[in-house]
Structures are given as C-alpha cells and as structure tokens.
Amino acid sequence: MEQVTLKIPATTANLGPGFDSLGLALSLYNTMTFRKTEGGLSISGCPEEFRNEEHLAVKAYRAVLRRLGLPVEEGLSLTMESEIPISRGLGSSAAMLAGGVVAANLLHGAPLSKEELLAIANVLEGHPDNLAPALYGGLTASLTEEGRPMTVRLPLSPNLRFVAVIPDFPLSTHEARAVLPKTVPFADAVFNASHAAVLLGALGEGDPALIRAALQDKLHQPYRRSLIPGYDAVEAAAKGAGAIAFMVSGAGPTLMALTDDPHFAVGFEAALGGLRAHWQVLPLAVDTEGVTVISGQ
Ligand code: HSE
C-alpha cells in the first residue's frame with residue numbers, strides 16, 4: 001500500500017472521575033491521507049504553523065518507522081481535513097497521533113497490533129485516555145503499567161447522548177495540567193476511585209440516577225473550572241435544561257452534558273441565551289469504530 005486515507009474520531013477524556021483513564025469516541029472526525037513519496041515532507045490542510053516535522057501525525061508516523069527499524073526520513077505527503085477543533089479538549093492531538101501510527105503501520109505491511117500502536121502513540125501523548133477510544137472506538141478505560149498502556153472496552157447504554165458545548169477560545173492541555181496539585185487528600189482519592197467504579201456500571205446500564213451520583217470529580221475539575229470563563233453559567237444552563245450530568249471534556253475548555261433526552265440540545269441552547277455568542281452546542285453520537293480506513297491503494 002502506497003497511500004491510505006483514514007477517518008479518526010474526536011474523543012472526550014476523563015468523563016468526570018476517570019482522570020487520565022476513561023475515554024469515549026465521538027462522531028466528529030479528522031480525515032487524513034498519508035502517501036509515501038520519493039523524499040521530503042509535504043503537509044496540507046492545516047494551519048501553516050503545523051506544516052513541519054513537529055506535526056503530531058508526522059512524529060507518530062516516524063515513531064512507527066523507528067520501531068520497525070526503517071529510515072525515518074522516508075518521503076511523506078499528508079493531507080488533512082479537520083472537523084475536530086484544536087486545543088478544545090476533544091482529542092485533536094490524539095487523533096493526529098492515532099492517524100500517524102495507524103497509517104505508518106498500514107503503509108509498511110501492517111506488522112503491529114493496535115495495542116502496540118497505542119503504546120507507541122502513548123509515548124508521545126503521555127496518557128492513553130484519548131488515544132484508546134480514538135484507536136478502538138466506544139467507551140474505554142486505560143491504565144499505564146511500567147510505561148505500557150492497557151485498555152478495556154466497556155459497554156455504554158445506547159440511550160445516552162453526549163452534547164458538547166465548545167467555546168470560541170482555546171485552552172492548552174499543558175496549562176490545564178499545570179494547575180493540578182502534586183498530591184491530593186486521601187479522601188479525594190477515595191471519592192474518585194469509588195465514583196469512577198460506580199460510573200462504569202451506571203453508564204453500561206444507562207441508569208440516570210446512578211450516573212448523576214457517580215459522575216463527579218475531585219481530582220481535576222475543581223482546579224480547572226477557573227480557567228474556563230463562563231463555566232458556572234454553562235453548567236447552570238445544562239442543569240436547568242435537565243442534564244443528567246455535566247463535565248469538563250478532557251482538559252477543557254469544551255464542556256459536556258450527558259442526557260437521555262433526544263430533545264435536550266434544544267432546551268440547552270435556549271437556556272444558554274446570550275452565551276451562545278461564544279459557545280457552540282454540538283450533539284454528538286458515540287463512535288464505535290475508532291480509526292477506520294476510507295481508502296487505500
Ligand atoms: N486526561 C487528560 C487531562 C486529557 O485531563 O489532562 C487531556 O489530554
């Protein structure tokens with residue numbers, strides 16, 4: 001195979017208490033075409049500032065070549081069309097990395113498993129919570145053991161709907177991680193472990209009361225909300241419109257409401273009122289496939 005076009009989903013990470021572990025793939029996509037060339041690097045379809053060797057998809061692609069013992073300077077052309085907004089907490093970086101590792105593997109005989117590709121991409125990302133659902137689709141829980149990610153896919157009730165509310169300002173993951181404490185009170189750790197455990201069962205069953213109780217966090221959201229202007233008002237609008245739960249998507253600044261009401265987004269938009277000038281409400285379906293090949297030749 002000399003050329004491959006991939007579709008890679010957006011992802012939301014943490015889901016409240018599952019910091020750096022839980023992730024979910026969503027129906028918003030980047031499409032990336034990778035083609036082997038005679039030499040050099042050519043990138044199109046993204047802002048000028050990203051058209052260089054530091055592009056995450058290129059770094060991931062070359063990490064696979066290195067792993068396979070192949071020359072990393074092999075020529076590459078990358079063309080992309082992005083629906084996933086950058087620095088908004090919807091897994092744009094993970095999508096680039098997932099695309100890069102999957103493409104490099106496919107264009108070199110597909111010797112590596114998804115598990116191995118996840119491990120390679122995870123070295124670049126630092127945590128597997130967005131990468132795992134980007135690669136596998138659906139709801140995933142991951143851990144890292146001696147540097148190697150391990151992931152399980154989990155059932156998710158088809159009644160649940162995720163409604164993203166995306167602001168018109170970015171927030172870098174670096175900045176959002178910098179505000180986190182180095183240590184937390186023992187009681188907060190117990191709170192998160194117990195809530196994450198119950199949440200997984202509740203999401204599988206689609207039990208609104210259990211989800212409402214379990215989808216709470218003390219490890220990251222309390223420290224991050226002040227980085228997201230409008231957080232309190234958007235949360236009040238979501239709860240006023242009847243959301244089952246409300247969370248920061250990944251490191252933010254996108255926020256996410258969880259509902260089982262097909263008409264929730266309409267009421268949510270109305271409740272947001274003037275905030276709609278800066279926040280886009282986007283109902284998203286769950287993506288169950290992860291990275292998929294659109295075409296290859
Ligand atoms: N788990 C990560 C965080 C996701 O919350 O910082 C964003 O990369």
Side-chain angles (χ1 to χ4, degrees), residues 8-26 28 30 56-57 59-60 82 84-101 118-136 138-145 147 149-152 154 162 164-167 169-184 188-189 191-193 195-196 199-200 203 215-228 231 235 245-256 258 284 287 290:
I8 310 119
T11 46
T12 185
N14 302 328
L15 285 99
F19 182 74
D20 275 2
S21 176
L22 301 184
L24 176 68
L26 296 165
L28 190 68
N30 282 359
L56 289 175
K59 289 176 89 164
S82 307
I84 309 171
I86 295 172
S87 292
R88 292 296 194 286
L90 286 167
S92 161
S93 304
M96 311 279 184
L97 293 169
V101 290
L118 172 62
I120 293 169
N122 189 50
V123 172
L124 295 163
E125 176 96 322
H127 39 86
D129 46 343
N130 290 99
L131 283 169
L135 284 165
Y136 293 101
L139 174 65
T140 57
S142 304
L143 57 76
T144 305
E145 180 68 25
M150 299 173 81
T151 294
V152 284
L154 294 155
F162 291 80
V165 53
I166 308 171
F169 55 85
L171 175 61
S172 80
T173 300
H174 180 75
E175 190 185 344
R177 291 180 87 84
V179 299
L180 303 179
K182 296 274 178 282
T183 59
V184 295
D188 288 359
F191 181 98
N192 266 60
H195 282 70
L199 179 63
L200 294 183
L203 289 173
L215 205 158
Q216 298 189 62
D217 163 70
K218 291 198 176 183
L219 294 187
H220 68 108
Q221 296 188 170
Y223 304 100
R224 287 173 161 170
R225 57 192 301 158
S226 63
L227 298 176
I228 306 172
Y231 185 110
E235 180 177 42
F246 183 78
M247 66 197 109
V248 177
S249 180
T254 290
L255 302 174
M256 188 81 64
L258 209 168
L284 294 166
D287 171 280

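All ligand and atom numbering here is 1-based and tracks the order in the structure.
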Is the backbone of K218 close enough, under 3.5 Å, to the side chain of N192 for a donor and an acceptor to pair up by distance?
yes
For ligand 1, list all ligand N or O to protein N or O distances below 3.5 Å, rounded to 0.1 Å.
| from | atom 1 | to | atom 2 | distance (Å) |
| --- | --- | --- | --- | --- |
| ligand 1 | 1 (N) | N14 | OD1 | 3.0 |
| ligand 1 | 1 (N) | D20 | OD1 | 2.5 |
| ligand 1 | 1 (N) | D129 | OD2 | 2.5 |
| ligand 1 | 5 (O) | N14 | ND2 | 2.8 |
| ligand 1 | 5 (O) | R224 | NH1 | 2.8 |
| ligand 1 | 5 (O) | R224 | NH2 | 3.4 |
| ligand 1 | 6 (O) | R177 | NH1 | 2.6 |
| ligand 1 | 6 (O) | R224 | NH2 | 2.8 |

Residues in side-chain hydrogen bond (donor to acceptor under 3.5 Å, both in side chains) with D287, at least two apart?
Y29
With a 3.5 Å cut-off and sequence neighbours excluded, list the donor-acceptor pairs that the side chains of residues 118-125 form with protein atoms.
| from | atom 1 | to | atom 2 | distance (Å) |
| --- | --- | --- | --- | --- |
| N122 | OD1 | H127 | N | 3.3 |

Set of side chain to side chain contact (heavy atoms under 4.5 Å, CB included) partners for Y231, sequence neighbours left out:
Q221, R225, I228, E235, F246, V248, L255
With side-chain hydrogen bond (donor to acceptor under 3.5 Å, both in side chains) as the test, pick out the partner of S249 among T11, N14, T12.
T12
Nearest-0.5 Å distance that lies between atom CG in N130 and atom OG1 in T173
8.0 Å
